[in-house]
Amino acid sequence: MADEAVPGGALNPKGNAPRKHNKMTKVKNKAAANIQITAEQLLREAQERQLEEVAPTPRQNLVDPEEIAEFRMKQRTHFEDAIRKNRGLVGNWIKYAAWEDKNQEYARARSVYERALDVEYRNVTLWLKYAEMEMKQKQVNHARNIWDRAVTIMPRVNTFWQKYTYMEEILGNVVNARQIFERWMQWHPDEQAWQAYINFEFRYQEFDKVRAIYERFVLTHGDVKHWLKYARFEQMQGEIVNARAIFERACEYFGEDSMDPDLYHAFAKFEEGCKEHDRARAIYQLALSKIPKARAEKLFNAFAQYEKKYGDRSRVEGVIVNKRKYMYEEEVKANPTNYDSWFDYIRLSEEAVHEEGGSVDATRDVYERAIANTPPSQTDKNLWRRYIYLWINYAVFEELVAKDAARAREVYKAALRVIPHKEFTFAKVWLLFAKFEIRQKDVKAARKVLGTALGKCPTEKLFKGYIELELSLREFENCRRLYDKYLQFNPANCQTWSKYAELEAVLGDVERARAIYELAVNQPLLDMPEVLWKAYIDFETEINEFENARELYERLLKKTSHVKVWISYADFEASVEHEDTVAQTRHVYETGEKEVKRGGDKAQRLLLLEAWKEFEEDFGTVDTVKRVAAKMPRRVRRRREIFADDGTSEGWEEYHDYVYPDEEAAGPNYKLLNVAKMWKLKQAQAAGGSADGAAVAASEAPSSTLAAAAPAAEAGESFIAAEAFAGAKPGYAFKAGSQGLGYYRDT
């Protein structure tokens, strides 16, 4: 008998019962101690102060049969007690049976397992331990009986079937193993079980049986990967016809509603390997036409690679076009109002039509989908502008590419119905529609379109386009009527008046043109009157009515004294050839110089003098040139203080000023008046800019000056001497006169 280890325990040397601890006293002072310790210190000190060490369990060697029997009895009693306490704990049963097996008490171990199965017959571990014990002891029939009972009670547990078939195959009993697999397959297990059956037959080269199993397998578990495994098996066996038939059956099995890209990709790769390129291309094209684009990206890339390897240039370009179409489809699906993507998509489709590889209906369908996405806002004209160009391109496509004039006309009408004319309109659409009708040789329809446009939403662009159309048709009476309507719509538009008068001048009706110009210049409000006056003067000049032109200049100078008008007037006089041309021109310059000087604009005066000087250099004498040169100003640099809006000073700046000879002749009086004027303005600003700023300035003048001036003013003297301007005084003017600087009575 082998030696056995018996567990034992150390006894309490004194044999006393455990000592009871006294009741813990309450801690009255719960404040934190001065010295704090951590939990790590407590554990370390407890380990160091551990006085009693627990001795390990001693091992006992039993050699006497009676002692062994007694020990076994105690152990069985221990196990039985544990089972009685908790019959449902399977671990106790397994330990009990394993202990009996270890002691070679196989009958007792079987008894324990059978008793355990009576208690918990659905425990998988219990059955596995029971069968493994029998197999380990080479009790094949017992093990077979246990596996039969297990798979009968729990047929859905694949582990039982796997170990059962493995045992039979190890024993070389292939027929029984096949029968067990067939029993297993009747329960329609998962794919792992079917694959195990297939691998079993494959190991024994039973390919017909493998084929039969695959037939049942793909019908039970109809996933794509199982069909592909079946086809790959036939391909490995060299059965190309059978493999193709399997692919075709798989395509029919899934149908068009459940087409899988992986299946068609594998099918196409199979045909490619068989050098059947037409078949492979047809499979790719069929799949890409049926499968949604979001799921077919991998398939599309594979098709592109295939065409690059075996296709010609046109086919490769077709694949690239399809890829771009897919990209545009995704963009417009994400944002239907992304009209830039729609334009790119439409351009791609139209290019395919021009290359005779695309369909007009397909392009038309893209147009219809694009125009169906109207802008969400009725006020965002920029977005509407992009949208309206879709309609315009659609109409042009129908007219020029599809050659369908009736459909193009309907597109124009539909576009005009969509536009919110109460908010805004697009004159371009109306004009393009009218020009389309002209190309269709229907002038009446074109006039009707533009008349409707002017009635609904008149704009300057519509008037101009309609007038250009009538001019091209040489319908001048219609042009006159349109100009009349145009000027009623916007009488302040100088360009319209000018164009109307130019039309009459071209037609030779001078009086009518002159009347139009007269009406125009007498309008109370004009956007660019200088353009209109210039056109009127040019008109009179072109027909050699110089007196009328001269009269127009005089009328214009009564309205404005701008330096450019004077220069233009002088140029006009210089261009008119008569005996007094130079004198008349010089007179215009002299008069203009006086008027501009009176206006006080030094820069404009300089421009006029420069033009006058150039004229004298060309047509005058040395004396006249010197006389004009004597009037030229001197450029000086000066400083002035800058004030903010609130009146605070922001510093000084330098600027260039012009000092004319006549200003320098005024001498100190001019400077003094400027200084007095600036001081008075500054005092008025300091007082808040009120109307009585002068009185406030006078009140803030030096007290000595005011005290001296008050009695003299009361006495009514004609002159009051003053060294500086001390504010306004009723009845007096501050200046430098014959008696010196001071206040003179204003007569």
Open item on the list: Could you walk me through whether R115 and E120 satisfy the salt bridge (charged side-chain N to carboxylate O under 4.0 Å, His left out) test, starting with their C-alpha distance in whole Å, then the side-chain angles of each, then the deciding distance to 0.1 Å, before giving a yes or no?
Closed with: CA-CA 9 Å; R115 289 168 58 197; E120 190 63 42; over 6 Å; no
Task: Plane angle bin for F181 and Y197 - parallel if under 30°, tilted between 30 and 60°, otherwise perpendicular - done: parallel
Open item on the list: Main chain of T220, side chain of W194: is a donor-acceptor contact present, judged purely on distance under 3.5 Å?
Closed with: no
Task: Pair F233 + Y214: ring centers closer than 6.0 Å - done: yes
Task: Centroid-centroid distance, F202 to F207, less than 6.0 Å - done: yes
Task: ring pair (Phe, Tyr, Trp, His ring centres under 6.0 Å) partners of F433, counting only residues at least two apart - done: Y412
Task: side-chain contact (heavy atoms from CB on, under 4.5 Å), paired with R144, selected from Q139, E168, R149 - done: E168
Open item on the list: Does K381 qualify as a cation-pi partner of F426, given the criterion of NZ or CZ under 6.0 Å from the six-membered ring centre and within 45 degrees of its axis?
Closed with: yes
- [ ] Scan side-chain atoms only and decide if E134 and Y106 contain a donor-acceptor pair under the 3.5 Å cut-off.
- [x] no
Open item on the list: Walk me through whether Y204 and F200 qualify under ring-ring contact (aromatic ring centres under 6.0 Å, His included).
Closed with: CA-CA 7 Å; Y204 294 99; F200 167 77; 5.2 Å; yes
Task: Side-chain donor or acceptor of W93 paired with backbone N/O of R87 under 3.5 Å - done: yes
- [ ] Applying salt bridge (Lys or Arg N to Asp or Glu O under 4.0 Å), name anything that partners D344, two or more places apart in sequence or on another chain.
- [x] R347
